[in-house]
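To start, I am sharing the structure in question, which I have written as structure tokens.
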Amino acid sequence: MIIVNDLTKRYNKLLANDHISLTVNSGELTVLLGPNGAGKSTLIKSICGLLRFKGSVTINGFDNHTADAKRILGYVPEMPALYPMLTVAEHLEFIAKAYRLEHWQEYADQLLTRFDLKDKVNKLGKELSKGMQQKVSVCCAVLPRPKVLIFDEPLVGLDPHGIREIKALIASLKQEGCALIVSTHMIDSVEEDWDTTCIMKSGKIAALCHRSSLGSGKTLEDTYFSIVEQEDQEVPK
Ligand code: ADP
């Protein structure tokens, strides 16, 4: 479970996240939508403990800066950041050692198979395409079986097979009780699995929409445009 309480983040004078509060329960997928510059990546990096901010974030009750929180938190950044001189296999081994995992090889093997990486295990990070790097980044995030997983634009640059597998992976992690946040511009990619959608605009939550409260016949895309393109109206709190 993720609890974001009154999170405010400034980059000097720029207010990138303005008093954000958000709860993501275990077994639920919260989708972060919003135009470029709305503050989605800043919120994600703050939740992951990568930025200083005002307010608080807890991960299953642990402050997000603690080792207890980091142990159960997985993060797939928008830009994969692999080690250029480690092979794919070494990335997974490194994660397994860092998280002190036992009996991880079988799961690693399943993930590599799932993402078509079996024949790439001996390739170095720097030798992989952007899409392959993204897949390795996902495998590394998932290997420790985190209870909370945050994906920032996970589908960008992936081939159709990769997109299908990430979508299936997200659905199965949700089934297993993971609390998930996915930031995406591909609204239709999450239509099937979302529980809550947080639409951000100018650093604020412009709308928090639960699946059950979506008007009949309305899609997530309709809701998104009705919120984001209402130019002159005040952003609701
Ligand atoms: P999104 O992910 O929704 O596109 P971001 O969180 O990346 O939005 O950015 C929110 C705002 O913060 C934007 O105005 C962006 O220019 C600004 N911003 C993001 N990162 C930095 C940074 N490191 N330094 C200064 N401003 C930043």
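Remember, it's 1-based here, ligands and their atoms both numbered in the order they're listed. We number each residue from 1, following the sequence as shown.
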* To do: Looking only at protein heavy atoms, identify the closest one to atom 8 (O) of ligand 1 and say how far it is in Å.
  => Gly39 N, 3.2 Å
* Asked: How about atom 4 (O) of ligand 1: does it have a protein heavy atom within less than 4.0 Å?
  -> yes
* Gly34 near ligand 1, heavy-atom distance under 4.0 Å? ->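 Flag not set, Gly34 not near ligand 1.
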* **Main-chain N/O of Leu43 paired to Asn17 side chain as donor or acceptor, under 3.5 Å** =>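 Yes; at least one donor-acceptor contact below 3.5 Å.
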* Is Gln134 reaching over with its side chain to a backbone N or O of Pro154, donor-acceptor style, under 3.5 angstrom? ->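 Yes, Gln134 side chain to Pro154 backbone: donor-acceptor pair under 3.5 Å.
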* Tell me which one of Thr42, Leu15, Ile44, Asp152 gets a heavy atom nearest to atom 6 (O) of ligand 1. =>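 Result: the heavy atom closest to atom 6 (O) of ligand 1 is in Thr42.
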* Structure fact -> Output for pair (Asn64 CG, Phe53 CZ), nearest 0.5 Å, gives 4.5 Å
* Minimum-distance protein heavy atom relative to atom 23 (N) of ligand 1 -> Tyr11 CE2, 3.7 Å
* Ser46 side-chain N/O to Thr42 backbone N/O, donor-acceptor pair under 3.5 Å ->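 Side chain of Ser46 to backbone of Thr42, a donor-acceptor pair under 3.5 Å: yes, one is there.
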* To do: Using a strict cut-off of 4.0 Å, indicate which atoms of ligand 1 neighbour a heavy atom of Asn36.
  =>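 Matching atoms, with element in brackets: 4 (O).
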* **Pair Thr197, Tyr224: side-chain N/O donor-acceptor within cut-off below 3.5 Å** => no
* Please determine, by modelled atom types, if His65 and Asp63 share a side-chain donor-acceptor pair under 3.5 angstrom. =>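 Checked: His65/Asp63 side chains pair up, N/O donor to acceptor below 3.5 Å.
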* To do: With the side chain counted from C-beta on, respond yes when Lys118 and Asp109 share a heavy-atom pair under 4.5 Å apart, and no when they do not.
  =>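 Touching, per the 4.5 Å side-chain cut-off.
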* To do: Distance to 0.1 Å, residue and atom name: give those for the protein heavy atom nearest to atom 10 (C) of ligand 1.
  =>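 Sorting protein heavy atoms by distance from atom 10 (C) of ligand 1 puts Gly37 O, 3.5 Å first.
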* Per-atom contacts of ligand 1 with Lys40, taking only distances under 4.0 Å to non-hydrogen atoms ->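 Answer for ligand 1: 1 (P), 2 (O), 3 (O), 4 (O), 6 (O), 8 (O).
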* Considering only heavy atoms, does Leu14 approach ligand 1 within less than 4.0 Å through its side chain, its backbone, both, or neither? ->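 Looking at Leu14 and ligand 1, just side chain atoms fall under 4.0 Å.
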* Would you call Asp6 and Lys54 a salt bridge, using N to O less than 4.0 angstrom? ->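 No, this pair does not count.
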* What class does the angle between the rings of Tyr83 and Phe94 fall in, given that below 30° is parallel, 30 to 60° is tilted and above 60° is perpendicular? ->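 The arrangement is perpendicular - the two ring planes meet at more than 60°.
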* Atom indices of ligand 1 within 4.0 angstrom of Ala38 heavy atoms, with elements -> 1 (P), 3 (O), 8 (O)
* To do: Starting from atom 7 (O) of ligand 1, locate the nearest protein heavy atom and write down its residue, its atom name and how far away it is, to 0.1 Å.
  =>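 Scanning the protein heavy atoms, the shortest distance from atom 7 (O) of ligand 1 goes to Ser41 CB, 3.8 Å.
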* Asked: Of all the atoms in ligand 1, which lie at a distance below 4.0 Å from a heavy atom belonging to Pro35?
  ->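 The atoms of ligand 1 under 4.0 Å from a heavy atom of Pro35 are 3 (O).
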* **For Ala16, atoms of ligand 1 separated by under 4.0 Å from a heavy atom** =>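 In order of number, 12 (O).
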